[in-house]
Number of protein chains: 2
Amino acid sequence: MKPETDELERRIQRFECELRQAGVKLTHQRLEICREIAGAGDHPDAESIFKGVRARVPTISLDTVYRTLWTLLDLGLINTLGIPQERMRFDGNTALHHHFVCTRCGEARDFYSEDFDKLQVPTCVQTYGVVNKIQVEVRGLCLRCAPTTDP
Amino acid sequence: MKPETDELERRIQRFECELRQAGVKLTHQRLEICREIAGAGDHPDAESIFKGVRARVPTISLDTVYRTLWTLLDLGLINTLGIPQERMRFDGNTALHHHFVCTRCGEARDFYSEDFDKLQVPTCVQTYGVVNKIQVEVRGLCLRCAPTTDP
DNA sequence: CTACATGCAAAGGGTTTGCACGACA
DNA sequence: TGTCGTGCAAACCCTTTGCATGTAG
């Protein structure tokens, strides 16, 4: 699950390069946070990244971790599981359907697709646990959030 | 987006029937919360369900809404967007991949599938906004949470 | 009648913010 | 050296919990 050493170095290089291009200062803290998330095989929350980095940078604070993660997210260098900055939301539609999710504002729209409904789980995934359903998540920007909408 | 009237009634019937079967009392509040979420075309959060129900049941409290929603979720009568009870989690893997998500504990594991990578967005969805990527979410229970693991 | 559900209010936990100090460029 | 980033602590918001009262079965 953890990336190979060379893949890890490639990711870190990319972080540094893109941060520099974006005019973001490469502080000791930011570099260590990048290293931590680049090397994480699972999908850590802010707290566990904080703990990992604190082993190397004892004075780091949790809010710096948050601020750095949102920066990386803005630049598209990392992703979130689920929808960023969102409270829990409920879906009363129990029929099989799929979602278009705006990664900026969190708007989620249902859609139906017989092709997607037919998807089969790869055999390797069946060893992960009991599969309940397969849902396709189309991620992007909704019309309100897409840059072209804003003249 | 909102369900047709007969589909709405069917959903409400199902809620009542399943709640009764589960031995959950059909209080005025619960029935109105069911009606609210059954009729919601979008994916409301607890607060907006609360507001909708409060128009008809002015004395209802937000915690009752939460408690009812978790009950409905336990019974599989509704779903959540994203992972229930979860804090925000980050993904340093920017390569195209897919997720197996445990809906109970929130564990999320990556997997790769060339078939899934090739999925094409239905044309109707392209009118929703700008598509960034397509990710398949396999939902189920991980080995730790699956009932059979617990003897 | 009795067990379970509700409303209230206060606690809890994750995330954000204002401000003065510190460090990259 | 100037500007941006950091650490601290308090604020903020969503969600949960304890307890006395109310109500469905």
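Note on naming: letters A, B, ... go to the chains in the order of the sequence lines (proteins, then strands), and numbering restarts at 1 for each one. The structure displayed is predicted, hence computed values, not measured ones.
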Using whole Å, report how far [atom1] of [X] lies from [atom2] of [N].
X	N	atom1	atom2	answer
R67(A)	dG14(C)	CZ	C1'	15 Å
W70(A)	dG5(D)	CH2	P	18 Å
L19(B)	dA5(C)	CG	P	10 Å
L72(B)	dA5(C)	CG	P	12 Å
L69(A)	dG5(D)	CG	P	15 Å
R89(B)	dG14(C)	CZ	P	13 Å

TODO: Would you check if there is a donor-acceptor pair between the side chains of D110(A) and H98(A) at a distance under 3.5 Å?
DONE: no
- [ ] For R109(A) and H99(A), indicate whether the former's side chain and the latter's backbone hold a donor-acceptor pair under 3.5 Å.
- [x] no
- [ ] Without swapping roles, check the side chain of T103(B) against the backbone of R139(B) for a donor-acceptor pair under 3.5 Å.
- [x] no
Test for a donor-acceptor pair under 3.5 Å between the base of [N] and the side chain of [X], counting only N and O atoms.
X	N	value
K25(B)	dT23(D)	no
R87(A)	dG14(C)	no
R20(B)	dG25(D)	no

- [ ] Name every residue in residues 27-35 of chain B that has at least one heavy atom under 4.0 Å from any atom of DNA chain C, in order of residue number, or write none if there are no such residues.
- [x] T27(B), Q29(B), R30(B)
Task: dC8(C) phosphate, OP1 or OP2, under 4.0 Å from S61(B) side-chain N/O - done: no
TODO: Report which part of the nucleic acid I60(B) touches: base, sugar-phosphate, or nothing (heavy-atom distance under 4.0 Å, all strands).
DONE: sugar-phosphate
Residues sharing [X]'s hydrophobic cluster, by side-chain heavy-atom contacts under 4.5 Å among ILVMFWY, directly or via others?
X	result
L8(A)	I12(A)
L81(A)	I83(B), V101(B)
L141(B)	none
V125(A)	F100(A), F111(A), F116(A), L119(A), V121(A), Y128(A), V131(A), I134(A), V136(A), V138(A), F100(B), F111(B), F116(B), L119(B), V121(B), V125(B), Y128(B), V131(B), I134(B), V136(B), V138(B)

Give every donor-acceptor pair under 3.5 Å between a side-chain atom in residues 54-63 of chain A and any protein atom, sequence neighbours left out.
{"residue": "R56(A)", "atom": "NH1", "partner": "E32(A)", "partner atom": "OE1", "Å": "2.1"}
{"residue": "R56(A)", "atom": "NH2", "partner": "E36(A)", "partner atom": "OE1", "Å": "2.2"}
{"residue": "S61(A)", "atom": "OG", "partner": "D63(A)", "partner atom": "OD1", "Å": "2.7"}
{"residue": "S61(A)", "atom": "OG", "partner": "T64(A)", "partner atom": "OG1", "Å": "3.2"}
{"residue": "D63(A)", "atom": "OD1", "partner": "R67(A)", "partner atom": "NH2", "Å": "3.2"}

Task: Test side-chain hydrogen bond (donor to acceptor under 3.5 Å, both in side chains) applied to R89(B) - qualifying residues, sequence neighbours left out - done: E86(B)
Task: All salt bridge (charged side-chain N to carboxylate O under 4.0 Å, His left out) counterparts of D91(A), not counting sequence neighbours - done: none
Task: With D74(A) via salt bridge (charged side-chain N to carboxylate O under 4.0 Å, His left out) - residues at least two apart - done: none
Open item on the list: Holding to side chain to side chain contact (heavy atoms under 4.5 Å, CB included), I want the full list of residues that pass it with L96(B), two or more places apart in sequence or in another chain.
Closed with: D117(B)
Please write out the pairs of protein N or O atoms and N or O atoms of nucleotides 9-11 of chain D separated by less than 3.5 Å, giving the distance to one decimal.
{"residue": "dA9(D)", "atom": "N6", "partner": "D63(A)", "partner atom": "OD2", "Å": "2.9"}

- [ ] Can you sort out which residues in residues 36-56 of chain A have a heavy atom within less than 4.0 Å of DNA chain D? Ascending by number, please.
- [x] none
- [ ] Identify, between L26(B) and L62(B), the residue whose nearest nucleotide on DNA chain D lies closer to the 5' end.
- [x] L62(B)
